[in-house]
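Data first, discussion second: the structure below is written as C-alpha cells.
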Amino acid sequence: MVKVTQSGKIVQDPVRVERAEWKRQQTKARLQQLLTIVSPVFLLVLWEVLSRTGVMDIRFFPPPTAIVQTFWELLVSGAIAEHVGVSLYRIALGFLAGVIPGIIIGLMMGLFTPIRHFVSPLVMALMPIPTLALLPIIIILFGIGDLSKVITIAGSVFFPVVINTAAGVLNIDKIYLDVANNYGASKSQFFFKIALPGALPVMLEGIQMGQAIALLTIVAAEMMGATSGIGYLIWTSYKAFLLQNMFVGLIMISFFGYLFSLLLRGLQKKLLPWR
C-alpha cells in the first residue's frame with residue numbers, strides 16, 4: 001500500500017488504497033445487513049424467553065413458537081390464504097387507485113400555477129380529515145364489499161403522493177426548465193423528460209409513505225366493516241380471545257409492510273441509480 005521512493009518520499013499505491021476502501025465498504029455493508037437480521041431475531045428470542053419464564057403473561061403474549069404453530073394450522077386449513085388474498089387484492093386496487101391520480105394531479109400542480117392555486121386549498125382542507133372517519137359514509141354509499149375498502153385506501157394514499165409529487169416538480173432546478181424552453185421542448189417532452197424524472201425522487205418517497213398508510217387503512221377498514229381479510233381476522237380473534245390468531249394477523253401485516261418497503265426501495269434503486 002505504501003511505496004518509498006529513492007528520494008525518501010512515501011507514496012501510496014492508489015490501486016491498493018482503492019481496493020482497501022472497497023473491502024472496508026463491503027465489510028460495513030455486510031455488518032449492516034447482519035444487524036437488520038439480528039434485531040428481529042433478538043426480539044423474538046427475548047419474547048420467547050420472557051413468555052416461557054412467566055415474566056410475560058402468556059394469556060396476552062403467547063410465545064412466538066406457539067404463534068408459529070397457530071400460523072401453520074391456519075395455513076394448512078386455508079384460512080390464512082383466504083384472508084391474505086382478500087386483503088392484498090384490496091390493497092393493490094386501492095393503492096393504484098390512489099397513486100395514479102395522485103401522480104397526475106401532483107405533476108399538474110407543479111407544472112401549472114393556476115391548477116396549483118385551485119387544487120391546493122382543497123388538498124389542504126381535506127388532508128387533515130382521516131379517511132377512516134369517512135368510512136361510515138363510504139359504507140353507506142358503496143356498501144361493505146370490496147369497493148368501499150378500495151375507496152378508503154385510495155383516499156388515504158392519494159394525499160401523500162400528490163403533495164410529494166407537486167413538491168418534487170417545484171424543486172426541479174430552474175436551469176433544466178430554461179434549457180427545455182430554449183430548445184423548444186414540446187409539452188409531452190417537457191412532461192416526460194423534465195417534470196416526471198425531476199419529481200421522481202420525492203414522488204417515490206410519497207409512494208413509500210402511501211404503501212405504509214395503505215396497510216394501516218386496510219386493517220382498520222376490515223375491522224369496522226368486512227367479513228374477510230387480515231383486519232377481520234385480527235378483530236374477530238380479539239373478540240373471541242384467540243390471541244394467537246390475532247398475533248398471526250399482526251405479524252402478517254408487519255411482514256407485508258416490510259416486504260413492500262423492500263420492493264419499493266429496490267424499485268427506487270433501479271429508477272434512481274445515482275442516489
Side-chain angles (χ1 to χ4, degrees), residues 40 44 47 59-62 64 66-102 126-127 129-161 206-264 267:
L44 291 174
W47 183 356
R59 293 176 301 173
F60 306 114
F61 299 98
I67 296 173
V68 170
Q69 182 180 354
T70 301
F71 170 77
W72 177 252
E73 293 171 356
L74 292 174
L75 184 65
V76 171
S77 67
I80 194 70
E82 177 185 356
H83 291 300
V84 169
V86 169
S87 291
L88 291 181
Y89 169 74
R90 292 166 177 166
I91 290 170
L93 289 183
F95 184 75
L96 292 176
V99 166
I100 294 174
L126 295 175
M127 185 178 64
I129 303 175
T131 310
L132 291 173
L134 301 175
L135 186 57
I137 298 176
I138 295 174
I139 291 176
I140 290 173
L141 295 175
F142 302 101
I144 63 171
D146 291 342
L147 183 58
S148 62
K149 312 301 179 296
V150 170
I151 291 174
T152 305
I153 295 171
S156 299
V157 171
F158 172 80
F159 291 105
V161 174
I207 294 175
Q208 179 80 8
M209 190 185 306
Q211 67 86 17
I213 294 174
L215 287 170
L216 295 173
T217 304
I218 188 61
V219 172
E222 288 176 344
M223 284 181 177
M224 296 176 65
T227 57
S228 60
I230 298 177
Y232 174 79
L233 171 66
I234 294 171
W235 183 245
T236 54
S237 299
Y238 161 74
K239 290 195 296 183
F241 206 72
L242 300 173
L243 296 190
Q244 292 180 190
N245 296 34
M246 183 189 75
F247 276 106
V248 168
L250 293 173
I251 292 173
M252 292 302 299
I253 286 293
S254 177
F255 167 75
F256 284 115
Y258 184 68
L259 177 63
F260 295 159
S261 181
L262 288 180
L263 292 175
L264 286 174
L267 177 63

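Atoms considered below: every heavy atom in the structure, side chains included; atoms not considered: hydrogens, waters and symmetry mates.
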Distance, nearest 0.5 Å, that separates [atom1] of [X] from [atom2] of [Y]:
| X | Y | atom1 | atom2 | value |
| --- | --- | --- | --- | --- |
| Ile151 | Leu135 | CD1 | CG | 10.5 Å |
| Ile234 | Ile251 | CD1 | CD1 | 10.0 Å |
| Phe60 | Met246 | CZ | CE | 10.5 Å |
| Leu134 | Ile129 | CG | CD1 | 6.0 Å |
| Thr131 | Leu216 | OG1 | CG | 11.5 Å |
| Leu233 | Met223 | CG | CE | 9.5 Å |

Item to complete: Hey, could you give me each pair passing side-chain hydrogen bond (donor to acceptor under 3.5 Å, both in side chains) that has a residue in residues 69-87? Not counting sequence neighbours.
Response: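 Listed by first then second residue: Thr70-Gln244, Ser87-Glu222.
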Worksheet item: Is the CZ atom of Phe260 crowded by more than 12 outside heavy atoms at less than 6.0 Å?
Response: yes
Over all atoms of both residues, closest heavy-atom pair of [X] and [Y]:
| X | Y | value |
| --- | --- | --- |
| Leu132 | Ala221 | CD2-N, 4.0 Å |
| Ala214 | Ile153 | CB-CG2, 3.8 Å |
| Val161 | Gly102 | CG1-C, 3.9 Å |
| Pro160 | Ser156 | CD-O, 3.4 Å |

Worksheet item: Taking only residues two or more places apart in sequence, or in another chain, which ones meet Tyr89 in a ring pair (Phe, Tyr, Trp, His ring centres under 6.0 Å)?
Response: none
Worksheet item: In chain order, what residues pass the ring pair (Phe, Tyr, Trp, His ring centres under 6.0 Å) check against Phe247, with sequence neighbours excluded?
Response: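 For Phe247, the residues satisfying ring pair (Phe, Tyr, Trp, His ring centres under 6.0 Å) (neighbours in sequence not counted) are Trp47.
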Item to complete: Give a yes or no on whether the backbone of Leu250 and the side-chain of Ser254 come within a donor-acceptor separation of less than 3.5 Å.
Response: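 Pair absent, no side-chain N/O of Ser254 close to backbone of Leu250.
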Practice prompt. Would you mind telling me which of Ile218, Ile91, Val84 makes a side-chain contact (heavy atoms from CB on, under 4.5 Å) with Phe256?
Written response: Val84
Discussion item. Please tell me whether Tyr232 and Trp235 form a close aromatic pair, meaning their ring centres lie under 6.0 Å apart.
Written reply: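 No.
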